[in-house]
Amino acid sequence: MDDIGTVGISNYAQESLGDIVFAQLPDPGTKVKAGDECGALESVKAASEIYSPVSGVITEKNNNVENKPGLINTSSFDKGWLFKLQLTNPEELNELMSEEDYEKFLKSDVEKDHT
Amino acid sequence: MDFTNHHVMMVWRNEPCVVIGRHQNPWQEANVSHLAEKDISLARRNSGGGTVYHDRGNLNITFFTPRERYDRKYNLELIKRALFRGFGIKSVINKRDDIVVQDNYKISGTAAKLGRLTAYHHCTLLVNANKADLSKALAKRETKATESTRSPVANLADIDHKVSVESLQTAVGYEYLRTPALHIEDGGQTLIKKQRGFQFVNPTNEWFPGLSGLRNELESWDWCFGRTPVFTVSRTFPVPAELLAPSRVYRASEELVINMTVEKGLISDVTLNIPPGLVESGFHGEASVITHLKGKRFTSEALSALQDAMLTRHLSNDIKKLDEKEQFVAKCFDQVVNTI
């Protein structure tokens, strides 16, 4: 079984970051634990760390994005992927939000700001 | 620190230094050899953005909040109000979040960093910085790293001599204390009385455990220079006629071309294009030059390695000096590494 996952940022994240001007991605071979800082994105608004959602070993980083960081803004779920990793603890996937949960989470966050 | 119920603004100053953004190239942004000569430090910060020069005439301001309350516009608006309330100075916040006075003079640069739970936005304010030193320290070379956008700058003291770093600190401080945390409005003395006021901060490991570790990392060569994105430099040098083999007739000017790729601050690749005239006149150091430069730091360390490489080729003849052709090649490399 392969257990290779692809990591990127959400559409909400790319929108709130603004135009991304630089992506610093982890090198293949790097070992990461869930929650570890493994790179950074710099946008016109701020520099922001990239945190690995799960534990594993980096297998590939997206060189296209390093040369053309704007891909993260225009295609965050497709061409703008950041890196791939081999999962060492697949059970961690259960702790992540599904797309539905995430949408609900975003809406509740918006309500908080308006009270 | 948890900033949920307690936002913090920090004001601070540095001794002369050049501060580059997280993903910038120090060789592109500053005159590195000049900095070393003048004892001006070089620092790479964690936030993004461009390069700035600090000295005691520059005030740094950092705004700390929880990540979701990160709001640059609010912070800059606050500074704008402090400048007006304290000194009657009118300013504009432009599209790049620079504070500009008298239509196009920049007095402040801004950068920010978002962490998992917290965020900071910091900016500079030029009060009476040494503009001559500033220009000499900042330089220009072209690579792929995040580039600074140059602007004409002005010191606030030039506009109103009553502005000093101390008086500005006080003005900005009180503006911060009299403004509610989440929206711009004047809360006046009533609000000031409810705040915690000014506090002196001592940046030592005792006050902030773990600070020494962070400091060591930020002062390391690997962070300041090694974090530079991959870049290549290419320079062409016409070879002086007296170094070329006299027997040939040269149709075009003979040129030495040096290309270097620098990865993580170390030379990862070198290609030399040695014109036939120089080869024929006796320069054969190409292979040894390349082997000795690879892996060296893109600093005078590389130049020393180069000199050693060329000298070791003389082993059999026991000659301790470089011949003119080798000196010429060494000088060219020196220019590639040390000048813009």
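The structure displayed is predicted, hence computed values, not measured ones. To find a chain, count down the sequence lines: A is the first, B the second, and so on, and within it residues start at 1.
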| query | Would you say Arg13(B) has more than 12 foreign heavy atoms packed within less than 6.0 Å of its CZ? | reply | yes

| task | Going by the side chain to side chain contact (heavy atoms under 4.5 Å, CB included) test, name the single residue among His23(B), Gln24(B), Arg22(B) that passes it with Phe22(A). | result | His23(B)

| message | Does atom CD (Glu99(A)) have a neighbourhood of more than 12 heavy atoms from anything else shown, all under 6.0 Å? | response | no

| message | Only heavy atoms, only distances under 4.5 angstrom. Which residues in residues 77-84 of chain A are near chain B? | response | none

| query | By ring-ring contact (aromatic ring centres under 6.0 Å, His included), which residues pair with Phe3(B), not counting sequence neighbours? | reply | Phe64(B)

| Heavy-atom proximity to chain A below 4.5 Å, by part of Tyr70(B) | side chain

| remark: Okay, Arg116(B) and chain A: the region with an atom under 4.5 Å from a heavy atom over there is both

| query | Are more than 12 heavy atoms from other residues, nucleotides or ligands located less than 6.0 Å from atom OH of Tyr176(B)? | reply | yes

| message | Can you list the residues of residues 44-54 of chain A that sit under 4.5 Å from chain B, counting heavy atoms only? | response | Val44(A), Lys45(A), Ala46(A), Ala47(A), Ser48(A), Glu49(A), Tyr51(A)

| Could you name the residues of residues 27-36 of chain A that have a heavy atom within less than 4.5 Å of a heavy atom in chain B? | Asp27(A), Gly35(A)

| Within 6.0 angstrom of Asp101(A) CG, more than 12 heavy atoms from elsewhere | yes

| Would you find more than 12 non-hydrogen atoms of other residues, nucleotides or ligands less than 6.0 Å from Lys68(A) atom NZ? | no

| said: Just checking Asn94(A): does its CG atom have more than 12 heavy atoms from other residues, nucleotides or ligands closer to it than 6.0 angstrom? | reply: yes

| said: Nearest 0.5 angstrom please: Gln24(A) CD to Arg227(B) CZ, how far? | reply: 4.5 Å

